[in-house]
Amino acid sequence: MPRRAVEQHQPKMVFLTSPNNPDGSMMTEEESILALPVLVVLDEAYIEFSDQASRIKWVQQYPNLVVLRTFSKSAALAGLRVGYGAFPLPMMEYLWRAKQPYNVSVAAEVAACAALTNMDYLTKVVTLGGGTNPLP
Ligand SMILES: Cc1ncc(COP(=O)(O)O)c(C=O)c1O
């Protein structure tokens with residue numbers, strides 16, 4: 001379905017969410033969409049709670065793929081609005097130009113770094129949410 005929509009409407013960019021909120025369904029046709037002339041932004045906010053592998057490494061392979069992750073779910077830091085993304089290198093120059101200064105608060109940065117250095121905490125949060133892999 002997303003592939004047909006992209007072919008029909010020819011957008012410059014498409015946002016996909018996998019796992020999807022709220023039904024948890026996973027995308028299965030990313031590769032065929034990535035073959036189209038469109039920038040694909042893949043939201044993996046819930047990937048830690050899925051059995052399926054993250055697509056984050058695909059960013060090295062596809063120049064039109066961006067993968068976004070958040071600490072809101074896997075580190076229980078919702079409300080701090082902190083996350084990260086994997087972007088094709090040539091895109092970074094333009095993103096830095098558009099980025100607002102101080103768009104991540106100091107509290108959010110400290111909390112995210114603390115979470116990343118505490119694997120027990122990440123495992124506990126993800127396990128409580130029914131997931132199995134805190135850093136896929
Ligand atoms: C699929 C999905 N992506 C992103 C977000 C929000 O992420 P953040 O808290 O980093 O803005 C949510 C929050 O509910 C979500 O469900």
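All ligand and atom numbering here is 1-based and tracks the order in the structure. What's counted below: heavy atoms across the whole structure, side chains too, no hydrogens, waters or symmetry copies.
- Interface of Ala45 with ligand 1, defined as ligand atoms under 4.0 Å from a residue heavy atom, comprises 1 (C), 2 (C), 3 (N), 4 (C).
- In terms of hydrophobic clustering, with Ile, Leu, Val, Met, Phe, Trp and Tyr side chains grouped at heavy-atom distances under 4.5 Å, Phe71 and Leu80 are assigned to a common cluster.
- Given atom 4 (C) of ligand 1, the protein heavy atom at minimum distance is Asp43 OD2, 3.4 Å.
- Using a 4.0 Å cut-off between charged nitrogen and carboxylate oxygen, Lys73 and Glu48 do not count as a salt-bridge pair.
- Assignment of Phe71 to the shell around ligand 1 is not supported, since no heavy atom sits closer than 4.0 Å.
- Among Tyr84, Tyr46, Phe15, the residue whose heavy atom sits closest to atom 15 (C) of ligand 1 is Tyr46.
- At a 3.5 angstrom cut-off on N or O pairs, Thr17 does not count as close to ligand 1.
- With respect to atom 11 (O) of ligand 1, the closest heavy atom belonging to the protein is Arg81 NE, 3.0 Å.
- Ion pair Glu29/Arg3 not flagged as a salt bridge, since none of the NZ, NE, NH1 or NH2 atoms sits closer than 4.0 Å to an Asp/Glu carboxylate oxygen.
- Of all protein heavy atoms, the one closest to atom 10 (O) of ligand 1 is Thr70 OG1, 2.5 Å.
- Closest of all the heavy-atom pairs between Pro88 and Leu65 is CD-O, 3.2 Å.
- Looking at atom 16 (O) of ligand 1, its nearest protein heavy atom turns out to be Asn21 ND2, 2.7 Å.
- The nearest pair of heavy atoms linking Tyr46 to Pro19 is O-CG, 3.5 Å.
- In this structure, atom 12 (C) of ligand 1 lies nearest to the protein heavy atom Lys73 NZ, 3.4 Å.
- Side-chain contact, Ser72 with Arg81: no donor N or O sits under 3.5 Å from an acceptor N or O.
- Using a 4.0 Å cut-off to heavy atoms of Ser72, the atoms of ligand 1 that qualify are 8 (P), 9 (O), 10 (O).
- Hydrophobic clustering, with ILVMFWY side chains joined whenever heavy atoms are under 4.5 angstrom apart, keeps Val67 apart from Phe87.
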